[in-house]
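Have a look at the structure below before the remarks.
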Amino acid sequence: MPDDKQTKFLLDEAELPTHWYNLNADLESLGVEMAPVLNPETHEPAGPADFEAIFPEALVAQEMGTERHIEIPEPVRDVYRLWRPTPLYRAHRWEEKLETPAKIFYKYEGGSPTGSHKPNTSVPQAYYNAEAGTTRLTTETGAGQWGSALSFATQMYDLECEVYMVRISYEQKPYRRVMMETWGATVTPSPSEKTQAGRDVLAKDPDTSGSLGIAISEAVERAVQDPTTKYSLGSVLNHVLLHQTVIGQEVQKQLKQAGAEQPDVLVGCTGGGSNFAGFVYPFLERHVDGAPKPRIVAVEPTATPTLTKGEFQYDFGDTAKMTPMMKMHTLGHDFVPPPIHSGGLRYHGMSPQISALLDAGVIEATSTPQIPMFESCEEFVRAEGILPAPEAGHAVWGARHEALKAKEAGDERTIVFNLCGHGHFDLSAYEDFRAGELEDFALPEEEIDESLAAVPSVE
Ligand SMILES: *Cc1c(COP(=O)(O)O)cnc(C)c1O
């Protein structure tokens, strides 16, 4: 048995996962049915050709494939070794503070070069592009987490990187931009004069602060125009979620070390669903193979309640309606989220896989306003020392909620959550919280109804 003061559960580099786990292989066994992705114009099921203008073949094959385990290429594992395997911690001090009989563990992904889980997918995406002869990757970024992850990854395989950064973030959050430029990326405030989509918006509204939707349109336009330029997305799609499954596989080995092989509750935050999926999917695989299923809880902001209030229907991935239509939990592609501090969770849609798992009752979803979320983070940082990204703070809040329920029930449950990033670039948010200057945005139902009314109905 492990010493019960043990705090860090570490794996040797030799235990780095060798394969990613592909949930597509087990959807049927889980009673989950996926609706086909549709061409945005014809509404016919999309084929590989609909994706290959912007993604390399290997990633399109992963997007659609049903092979259960996909080998991680050795050059990708070599880069993963820079920060993986990542630690699993037992939250002894926080448990004490909460006076809970529950055992709380957290997986920490903030020790990656860019401070979050995102390089788990930016690295393989850059690798497969380099193998396919791509010379440049384009993407969008809001607060800068994804742009940073792709800037770093492209550098590993000698690719150029072009990041369209939402103008207001470009102006107000210069440090992420400086980081991306230091990795060698070109960062352009969006909308820009470089693309037709950008020029159109600027012609109408020269002083616009930009949006993620416009930045996506610019990055995609660049990729469509040049055969050796491709586009890269940091969440939502199956292949992105697939790459994140290194997280949960490591957690399983680490829980075994801790003598807590079968956790009772798993908690993660959801923006587009990638860190949550990467953390929980390996437990679904084990369940398909006969193990009991833990309760699996997704936590999102009350201000962008995609899973808890959105409709499960077909919608576009972007505001400009250029992407294929996917059946997912959505607030409508025109939805403009309130200015909460969790930039990574301000997306109108959700991964179609995560949406279907919720619909089938395999996972649960809940939400919190940002003030209680920051309160949980402050309590956590004072007990455990690590300052969570506000996105990850939703998982902290969720774990706390579960720990207090365990206390009420007098039950020694094992709760595990994914602390998917640190908040060192989010200190202005903590500053506003500490100054009492934050608002808990409650989203009026009419606003959701209104933006959903603009989505064309497709069956
Ligand atoms: C981008 C980001 C998220 C949201 O993306 P998911 O795909 O839902 O994981 C959450 N947390 C952090 C720290 C992020 O950088």
Side-chain angles (χ1 to χ4, degrees), residues 86 106-122 125 139-153 163 165-166 169 173 176 179-180 212 232-248 266-281 297-301 303-307 310 317 328-329 337 340-355 357-358 363 365 367-368 370 373 377 386-398 417-426 429:
T86 62
Y106 55 97
K107 179 70 162 169
Y108 184 47
E109 290 290 308
S112 80
T114 65
S116 79
H117 64 285
K118 288 199 170 79
N120 295 334
T121 185
S122 66
Q125 289 194 46
T139 199
E140 73 289 337
T141 201
Q145 275 281 15
W146 173 241
S148 298
L150 196 67
S151 302
F152 155 68
V163 180
M165 187 170 190
V166 176
S169 305
K173 302 192 170 170
R176 276 278 174 199
M179 253 180 119
M180 289 186 268
L212 217 43
S232 186
L233 190 68
S235 188
V236 180
L237 297 178
N238 300 343
H239 69 271
V240 180
L241 277 54
L242 169 82
H243 299 154
Q244 295 293 349
T245 58
V246 289
I247 301 174
L266 303 176
V267 182
C269 70
T270 45
S274 73
N275 87 83
F276 177 78
F279 172 52
V280 310
Y281 281 5
V297 185
V299 187
E300 61 185 8
T304 52
T306 327
L307 287 170
M328 60 182 174
H329 277 270
I340 53 164
H341 280 288
S342 303
L345 306 184
R346 293 177 70 226
Y347 181 62
H348 71 268
M350 179 55 61
S351 142
Q353 279 182 351
I354 297 293
S355 299
L357 287 169
L358 179 70
I363 63 169
S367 72
T368 175
Q370 62 181 353
M373 180 276 289
C377 285
I386 296 175
L387 188 137
E391 292 87 354
H394 291 76
V396 174
W397 176 89
F417 73 98
N418 193 28
L419 187 59
C420 56
H422 69 66
H424 297 181
F425 287 88
D426 303 283

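Both ligands and their constituent atoms are indexed starting at 1 by order of listing. Quick caveat, the model's predicted, so the values are computed rather than measured.
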Step by step, would you call L357 with Y281 a side chain to side chain contact (heavy atoms under 4.5 Å, CB included)? CA-CA 11 Å; L357 287 169; Y281 281 5; 3.6 Å; yes
Kindly determine whether Y108 and L419 satisfy side chain to side chain contact (heavy atoms under 4.5 Å, CB included), including the steps that lead there. CA-CA 5 Å; Y108 184 47; L419 187 59; 3.6 Å; yes
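H422 and F425 have parallel rings, their planes meeting at less than 30° on a 0 to 90° scale where 60° marks the start of perpendicular.
Here the side chains of S116 and W146 are not in contact, with every heavy-atom distance at 4.5 Å or above. When side chains are defined from C-beta on, M373 counts as touching P390, because their heavy atoms get closer than 4.5 Å.
Considering backbone and side-chain N/O atoms, G272 comes within less than 3.5 Å of an N/O atom of ligand 1. For ligand 1, the polar-atom distance check finds no N/O of E391 at less than 3.5 Å from any of the ligand's N/O atoms. Between G234 and ligand 1, not a single N/O pair is under 3.5 Å apart. Annotation: G271 places an N or O atom under 3.5 Å from an N or O atom of ligand 1; distance criterion only.
Taking atom 4 (C) of ligand 1 as the reference point, the nearest protein heavy-atom neighbour is G344 O, 3.2 Å. Looking from atom 13 (C) of ligand 1 to the surrounding protein, the closest heavy atom is C420 SG, 3.8 Å.
Of all the atoms in ligand 1, the ones that sit under 4.0 Å from a non-hydrogen atom of S274 are 6 (P), 7 (O), 8 (O), 9 (O). Which parts of ligand 1 touch T270 is read off a 4.0 Å heavy-atom cut-off, strictly below it: atoms 8 (O). Within the listing of ligand 1, atoms 6 (P), 7 (O) sit less than 4.0 angstrom from a heavy atom of S235. Ligand 1 places these atoms under 4.0 Å from at least one heavy atom of Q145: 15 (O). Remark: ligand 1 atoms within the under-4.0 Å shell around heavy atoms of K118 are 1 (C), 2 (C), 3 (C), 14 (C), 15 (O). Within ligand 1, counting atoms from 1 as listed, the ones closer than 4.0 Å to a heavy atom of G273 are 6 (P), 7 (O), 8 (O).
Contacts between N275 and ligand 1, counted as non-hydrogen atom pairs separated by less than 4.0 Å, involve both the backbone and the side chain.
Between the side chain of Q370 and the backbone N or O of P301, no donor-acceptor pair lies under 3.5 Å. Judged purely by atom type and a 3.5 angstrom limit, E300 has no side-chain atom pairing as donor or acceptor with the backbone of A365. A side-chain donor-acceptor contact under 3.5 Å links Y347 to the backbone of G317.
Not a single heavy atom of E109 sits less than 4.0 Å from an atom of ligand 1.
Between the side chains of N275 and E391, not a single donor N or O lies within less than 3.5 Å of an accepting N or O.
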